[in-house]
Amino acid sequence: MTPADIVALHSGIASLVLETDRERVPLWRHLGLSVEAHDIPSIYQTRGTATFSMDADRAPDVFPLPGDGSFLRPALLVCDKEGKMLDLTLDCTGVDSADDRLTCDFSDRKHGLQVRVDYRTISGGFRIETSLQNRGSAPLSVQHFASCSLPLPAHCERIISWRGRHNAEFVECLEPMPQQGWSRQNRRGLTGHGGPCGAYVLAKGADYHSGLVFATQLAWAGDGRITIERDDEGFCTLQAEALFQPGEVILEQGSSCSAPPVLLAISDAGRNGAMAVMHAMARDIARWPGGEMTPRPVHLNSWEAVYFAHDEKRIGELAKAAASIGAERFVLDDGWFSGRGNDTAGLGDWIPDPVKYPDGLAPIAAKVQRLGMQFGLWVEPEMVNPDSDLYRAHPDWALTIDGRNPPTARNQLVLDMRREDVRDYLLGRLDAILRSAPISYLKWDHNRDHSPSGGAEQIRGSYALFAALRKAHPKVEIESCAGGGGRINAGILEYVHRFWTSDNIDALARIPMQRGFLAFMPPEMMGAHVGASPSHATGRVQSLDFRAAIACQGHFGIEVDPAAMEPAEREKLAGWVRFYKEWRHLIHGGKVLLGEANDGLVWQAQGTQDELLLWVIRAGHAEDRRAQPVPLPFANGGNWQVRIVRSAVSGGVLTPRATPFFHDLHNRPHGFAGSWLANSGLPVPALPAESAIIFHLKAQR
Ligand code: GLA
């Protein structure tokens, strides 16, 4: 046997193993759970021959191109200036590996194109970045450029992805692995309300708690595509890519470009294991002011409390009410700037409205500070209303098609972020506002899709504005919002610290939505507010306890006017604020475990190895007579003290049918063996629809 020439990169959980063949081409040998890769026979000794195949056999390589004898989906298509596709063939010029990095370099001698595929380990996962450099003598037009091309083993069985719309984000979709091909694409100029361009691929038998899962997301805030194709080789190939417009990416001589990175999590601890790696990678990317996350402050956001109907006096009253129930950050939402009495006018004119805020924002921001809260402000920089001074002065600054009516959505147009003068104007306005008052937080919104599209360069323009603002105001935290959850992705995460999950804060709708969000981002970045009842988005009526219990799973906030509530309800809300403050150290920054029990019960645990809060949630009406125990696989081993820290049960503390045992569990913890909790299950009381019980579990070591 000739042992293969192997290079490997290990994340601790998973391994990425390549073989370099006779021509030093890096070929895929393994992408999956950890392996020791020594004494492996060369792939050409084991893979045998197949009829109707190339005589010079080419095993699957890391960067497939048609000219190289590969029939996988090409990773790159490049044209000359006449639009003719170049016949690229890549020679590998080097494979370098270190403990945390593996780099493959290629060169197309004829056209002078260099390709680098760079795999790095970050926080238990892999970050893959691919870049190009033109060392030839002519400009090259890049038409298609995959961020990665990854083999998925033949025993992969199902794909989980998410779709969505405004007010209905993260709808989970479960599909079998394709017989031919599967793809998910966003073409709205935003990642969209289905969340990042990503998917979870489950191997045979995988569930929330066990089994092999591959989770991936493209770190990109614009149009993208993820594809999974079955090849007649017998395995599938996953590719993820940003979408470019033809002619948009021109690589001049000597210049280079990178495709957006891909995050890849591989785990044999099921969806929860892969999600933990995703969270670790997202936490790695986030850049907190001061270098570290501070306890996530309770927000009061003015939007649903007052919409556009505000001025300094009204907001002063709202801020007072917010402080009285324990809010720590007050966010002044839409409606504060010149001409903004409703959503038909004003976007682009970023100066405080002289009637509503005659002395600017400094007095209200100072008042908020005196009340002990931080002051945050809503902005929507990339937009302009045709009815605005900005548009009247610069109609050419918006993305439009000559000769056509401006294509408005919510009465607004998208500014052309590819233009430096547009970015300079916006930076100047945002900088002036931030200097005018003590503002430590921006809710950065983006309330429409791009049509016509500004392509990938539009996104890079937005990135540049975010980056310049972060540089000028490094202490300011930013929330990414796009009509709720339209811009949640690991690309924009380099600049922001929170995502607004959805404009729909109906607690029932939020249960699956927040679980979808958590597939890609950790709970401390998940904006979750208590809204009014009936819900403004759905019209449904829910108890305050239920609304607050669900909002406590993320970065908690309030979107009602506490002064308008009945005193008893207001006191109850203040109680939930205290609850969140008491437990946020467990809710944020640690692990999240999701599970499903029988008869429609779902559960969610957040915390550390030894201490967790556990939500047991009943959304709909029970079909069974009695509640069955809830097995908790994570609890296996040792002993646990379990108590109920909060009940959110419509109509009372617990149902009249709950036994004294559960009433006692509010006051006194009960000890359970971990094996009992894992294999027999935690006993739970019967719950009515729309209720949740929050347990506290502490390991006895
Ligand atoms: C979007 C956001 C809301 C609010 C409004 C203001 O819809 O998602 O939270 O900020 O814009 O216009």
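Here the structure is a predicted model, which means the values were calculated and not measured. Atoms within each ligand, like the ligands themselves, are counted from 1 in listed order. Sequential numbering from 1 along the given sequence is applied to the chain's residues.
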Query raised in the report: CZ of Arg187: more than 12 outside heavy atoms within 6.0 angstrom?
Result: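 Atom CZ in Arg187 is not crowded, with 12 or fewer foreign heavy atoms closer than 6.0 Å.
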Query - Value rounded to 0.5 Å, distance of CZ in Arg419 from CG in Leu399 - result: 10.5 Å
**Report entry** CZ on Arg296 to CD on Glu477, rounded to 0.5 Å
**Finding:**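 Interatomic distance, Glu477 CD to Arg296 CZ, rounded to 0.5 Å: 4.0 Å.
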What class does the angle between the rings of [X] and [Y] fall in, given that below 30° is parallel, 30 to 60° is tilted and above 60° is perpendicular?
| X | Y | answer |
| --- | --- | --- |
| His299 | His529 | tilted |
| Tyr307 | Trp303 | perpendicular |
| Phe579 | Trp576 | perpendicular |
| Tyr463 | Trp220 | perpendicular |
| Trp350 | Phe337 | tilted |

Before signing off on this row, confirm whether [X] and ligand 1 have an N or O atom pair separated by under 3.5 Å.
| X | result |
| --- | --- |
| Cys481 | no |
| Trp378 | yes |
| Glu559 | no |

Short list, please: which atoms of ligand 1 are under 4.0 Å from a heavy atom of [X]?
| X | value |
| --- | --- |
| Gly484 | 8 (O) |
| Asp334 | 6 (C), 12 (O) |
| Trp500 | 8 (O), 9 (O) |

[atom] [closest protein heavy-atom partner, distance rounded to 0.1 Å]:
| atom | answer |
| --- | --- |
| atom 4 (C) of ligand 1 | Asp333 OD1, 3.4 Å |
| atom 8 (O) of ligand 1 | Asp503 OD1, 2.4 Å |
| atom 5 (C) of ligand 1 | Trp303 CE2, 3.5 Å |

Query - Structural part of Asp445 in contact with ligand 1, heavy atom criterion under 4.0 angstrom - result: side chain
**Report entry** Structural part of Asn447 in contact with ligand 1, heavy atom criterion under 4.0 angstrom
**Finding:** side chain
Report task. Using non-hydrogen atoms of the residue, decide whether Lys443 is closer than 4.0 angstrom to ligand 1. Result ->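 Yes.
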Query raised in the report: Does ligand 1 have an atom under 4.0 Å from some heavy atom of Arg410?
Result: yes
Requested in this report: Indicate whether the side chain of Trp444 and that of Glu382 have a donor and an acceptor atom separated by less than 3.5 Å.
Outcome: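 Looking only at side-chain atoms, Glu382 and Trp444 do form a donor-acceptor pair, the distance falling under 3.5 Å.
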